[in-house]
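A quick write-up on the structure given underneath.
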Amino acid sequence: MMEIRYVTEDDKAFWYSLDRHLLEAEFAKKIRDRQGYVLFEDGRPKGLLRYNLFWDNTPFCTMLFVDWSSQKNGYGRALMSHWEQDMKSNGYGMALVSTQVDEDAQHFYRRLGYQDCGCLTINIPGYEQPMEMFLSKALL
């Protein structure tokens, strides 16, 4: 049985097994502000989603990750759907996601109805990365 719930302190070890980018102070904020979810299947954690508010008013998924051994089972789709419904029920009319152009996630997001809406290029020494593309979706 699948369950998705807000992240708690009890999820910390699992969270950091998948998300090595989040500072501990930010993890505490995700718990406090309810800006992260963990997906469980039969009581076992399988994936996570975290977000923030872009421009302080637009939900922006900053990480969606399903454990490598559990991918291709609909967990990512379930997390996105849960998040979108939560955002819609909180009065938001659109959502944003991003991914690097050299990653396959862009195709996943397009299948979920997201449309390309811009990009960001960072070429500062030490911070270089492939172009980051942004996608948006109306929450109908």
Under a 3.5 Å cutoff, is there a donor and acceptor pairing between the side chains of [X] and [Y]?
{"X": "S70", "Y": "N73", "result": "no"}
{"X": "D19", "Y": "W15", "result": "yes"}
{"X": "D33", "Y": "Q35", "result": "no"}

Please round to the nearest 0.5 Å and tell me the distance separating atom [atom1] of [X] and atom [atom2] of [Y].
{"X": "I4", "Y": "Q85", "atom1": "CD1", "atom2": "CD", "answer": "11.0 Å"}
{"X": "L48", "Y": "L79", "atom1": "CG", "atom2": "CG", "answer": "7.5 Å"}
{"X": "Y51", "Y": "D86", "atom1": "OH", "atom2": "CG", "answer": "6.0 Å"}
{"X": "C119", "Y": "M133", "atom1": "SG", "atom2": "CE", "answer": "8.5 Å"}
{"X": "F14", "Y": "D67", "atom1": "CZ", "atom2": "CG", "answer": "6.0 Å"}
{"X": "L49", "Y": "T62", "atom1": "CG", "atom2": "OG1", "answer": "7.5 Å"}

Compare every heavy atom of [Y] with every heavy atom of [X], then report the nearest pair and how far apart it is.
{"X": "F40", "Y": "R5", "value": "CZ-NH2, 3.1 Å"}
{"X": "V38", "Y": "P45", "value": "CG1-CB, 4.2 Å"}
{"X": "M80", "Y": "Y109", "value": "CE-CE2, 3.9 Å"}
{"X": "G47", "Y": "L18", "value": "CA-CD1, 4.2 Å"}
{"X": "W83", "Y": "A95", "value": "CH2-CB, 3.6 Å"}
{"X": "C117", "Y": "L96", "value": "SG-CD2, 4.1 Å"}

Residue list, side-chain contact (heavy atoms from CB on, under 4.5 Å) with N57, at least two apart or on another chain = W55
[Y] reachable from [X] in the ILVMFWY side-chain graph, under 4.5 Å edges:
{"X": "I31", "Y": "L64", "answer": "no"}
{"X": "V101", "Y": "M63", "answer": "no"}
{"X": "F54", "Y": "V97", "answer": "no"}
{"X": "M94", "Y": "L53", "answer": "no"}

[atom1] ([X]) with more than 12 external heavy atoms under 6.0 Å:
{"X": "Q115", "atom1": "CD", "result": "no"}
{"X": "H21", "atom1": "NE2", "result": "no"}
{"X": "R34", "atom1": "CZ", "result": "no"}

Is there side-chain contact between Y75 and M2, with heavy atoms separated by less than 4.5 Å?
-> yes
With a 4.5 Å limit on heavy-atom distance, are the side chains of Y114 and F108 in contact?
->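 Contact flag for Y114/F108 side chains = no.
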In terms of side-chain geometry, is the basic nitrogen of E26 or R50 positioned less than 4.0 Å from the acidic oxygen of its partner?
-> no
Does R44 come within less than 4.0 Å of E41, counting only side-chain N to carboxylate O?
->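 No, this pair does not count.
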Treating [X] as the side-chain partner and [Y] as the backbone partner, does any N or O pair qualify as donor plus acceptor under 3.5 Å?
{"X": "K88", "Y": "L140", "answer": "yes"}
{"X": "Y37", "Y": "H82", "answer": "no"}
{"X": "N90", "Y": "M87", "answer": "no"}
{"X": "Q71", "Y": "V66", "answer": "yes"}

Which residue pairs satisfy the side chain to side chain donor-acceptor pair (under 3.5 Å) criterion with at least one member in residues 126-137, sequence neighbours excluded?
-> E84-K137, S98-E132, Q129-E132
Give the intermediate values and the outcome of side chain to side chain contact (heavy atoms under 4.5 Å, CB included) for residues K30 and Y6.
-> CA-CA 9 Å; K30 296 299 175 204; Y6 292 111; over 6 Å; no
What do you reckon, are the aromatic ring centroids of F60 and F134 less than 6.0 Å apart?
-> yes
Residue pairs, two or more places apart or on separate chains, that pass salt bridge (charged side-chain N to carboxylate O under 4.0 Å, His left out) and touch residues 116-127 | R110-D116
